[in-house]
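Below: the structure, in structure tokens.
The chains referred to below are lettered A, B, ... by the order of the sequence lines, with proteins before strands, and numbering in each begins at 1. None of the values given here were measured: they were computed from a predicted structure.
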Amino acid sequence: MATTDAIKVLKERGFFSQCTDEAGLIEKLKEPTRFYCGFDPTGPSLHCGHLVPVFAMAHMQRAGHLPVVLVGGGTARIGDPSGKTEMRQMLTIDQIKSNVEEFKKQLGNFITFEDGGAIIADNADWLAPLNYIDFLRDIGRHFSVNRMLTFEAYKKRMETGLSFIEFNYQLLQSYDFLELNRKYNCSLQIGGDDQWGNIVAGMELIRRIERKESFGLTFNLVARSDGKKMGKTEKGAVFLNKEMTSVYDLYQYWRNVDDADVGKFLKLFTFLPVDECERLGALEGAEINAAKEILAFEFTKIIHGEDDAVTAREAARAAFKSGGTADKSGMPSIEYSITQMKEGINIVDLFTETGLCPSKSESRRLVSQNGAAVNDEKINDVNTIINETFITSDNDILLKAGKKRFFRIVIK
RNA sequence: GGGGAGGUUCCCGAGUGGUCAAAGGGGGCAGACUGUAAAUCUGUUACUUCGGUUUCGAAGGUUCAAAUCCUUCUCUCCCCA
């Protein structure tokens, strides 16, 4: 199989941070190469913060290489201290198993597993049966604690406390690389920049035990220009599972990125050609809204498919461009019977019931601070009763909390 | 094992008997301004049937009254062994 220059693609698109032997790796990548990236299934779904390495894997696969997706069913049972200040919460084995299944499914949106184009592995297969004494003797002896303590990831934790179990993470990840190298001849590990230390440790282990050369490549840790973590909102992570984050909310997350991030995100989180991404990201003023719409649409399409992406886009347009005839069906909604509406519901209760506000206090606050609107009319009297007189010609009632959160009550 | 310092509302961090649902900052939310942007300014930020109710690591206790005092437990950090 022919390969294209994967490093070049990753550099152009803003993924590339550093690699262990660039010249050697470029040479290596002239042939189809097995590479791996690990994901610890510590949650029930992938979220947007996981995606830089995922997109990178997809680009590498398109360049002709063979991804080995490593799901950390074993390592999820402990925690990686890299870049974290808290210890990971322990999960049950059943939780991890179900997380692993979900991860596999979601990764299929990016990586093609057909015809042996990619392999999926779970490190629980070799980590779980490990014998402690054997592991210490065969693997542990290759690690110097002195050296490990010099790693940035551990330094931070020296202040707040680092448990022995987490300290071992590097050994396990190194062992993963060794194991994948033996099993699948996997000679390249990729990951976020915070994984540098772990990747290098794995390479050293392979060199010592197998006397083989391997490579490491890391990606920039992407932060939003406002400094927040990628894919996080106040309400939590933006998940790829549509039960957890609705298609509409996912779309809106990307629709609302900062101007400064648009070009960068198009390159990282869509498959549009680089020059197109750059053109869109360079748009000025209000015009960049068009680029944000493309970003949100393209991203949503990759995750949930074109139909859902169109629905989300139309719903967003309907919400933000009042008076349009666009399709509102993708908007978050709830059904109410006409009987219920005739009885009427207090506005504060209504905003709470629809989930626009988490509590009545907050709902009351929203209304009294002039942040609530029904059918685009501001309502600031907390005693207002919403009844059938509010039903529009579309047979619905449109609630709005603040400027961006919409909810549609469909009357049936 | 011994000694010390701590655990406060989303986060950091004040508070050492009533004036504390708890200063200040961050973050969030809302309003103004806008382009579903950023920046800025303003308000707001436990729950509530608006009578109250629950909150300061956990459980008891003292008191008219406790985040604040006492007891036990628990977790974290530091020093010694």
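Contact annotation: A/Ser361 side-chain N/O to B/U45 OP1/OP2 distance is not under 4.0 Å.
For the segment residues 277-288 of chain A, the set of residues with a heavy atom within less than 4.0 Å of an atom of RNA chain B comprises A/Gly285, A/Ala286, A/Ile288, in numerical order. Non-hydrogen atoms lying under 4.0 Å from RNA chain B are contributed by A/Asp259, all within residues 259-275 of chain A.
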Using a cut-off of under 3.5 Å, enumerate the N/O to N/O pairs linking the protein to nucleotides 51-55 of chain B.
none

Which protein N or O atoms sit under 3.5 Å from an N or O of nucleotides 32-34 of chain B?
| unit_1 | atom_1 | unit_2 | atom_2 | d |
| --- | --- | --- | --- | --- |
| B/C33 | N4 | A/Lys403 | NZ | 3.0 |

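If you take CZ of A/Phe320 and P of B/G35, they are 14 Å apart, rounded to a whole angstrom. Rounding to whole angstrom units, NZ of residue A/Lys360 and P of B/A46 are separated by 18 Å. Between A/Ile294 atom CD1 and B/U36 atom P there is a gap of 16 Å when expressed in whole angstrom units.
One P atom belongs to B/A66, the other to B/U54, and the distance between them is 12 Å to the nearest Å. Taking atom P in both B/A22 and B/A67, the straight-line distance is 13 Å, to the nearest Å.
The side-chain hydrogen bond (donor to acceptor under 3.5 Å, both in side chains) test with A/Gln173 singles out one residue from A/Asp40, A/Thr75, A/Asn198, and that residue is A/Asn198.
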Let me have RNA chain B in dot-bracket notation, would you? Count Watson-Crick plus G-U wobble pairs, both distances under 3.5 Å, and use [ ] for pairs crossing earlier ones and | for inter-strand partners. (((((((..(((.....[.....)))((((((.......))))))((....))...(((((..]....)))))))))))).
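Here A/His59 pairs with A/Phe15, A/Phe271 under the ring-ring contact (aromatic ring centres under 6.0 Å, His included) rule; sequence neighbours left out.
For the pair A/Arg255 and A/Thr352, both in contact range of RNA chain B, the more 5′-proximal nearest nucleotide belongs to A/Arg255.
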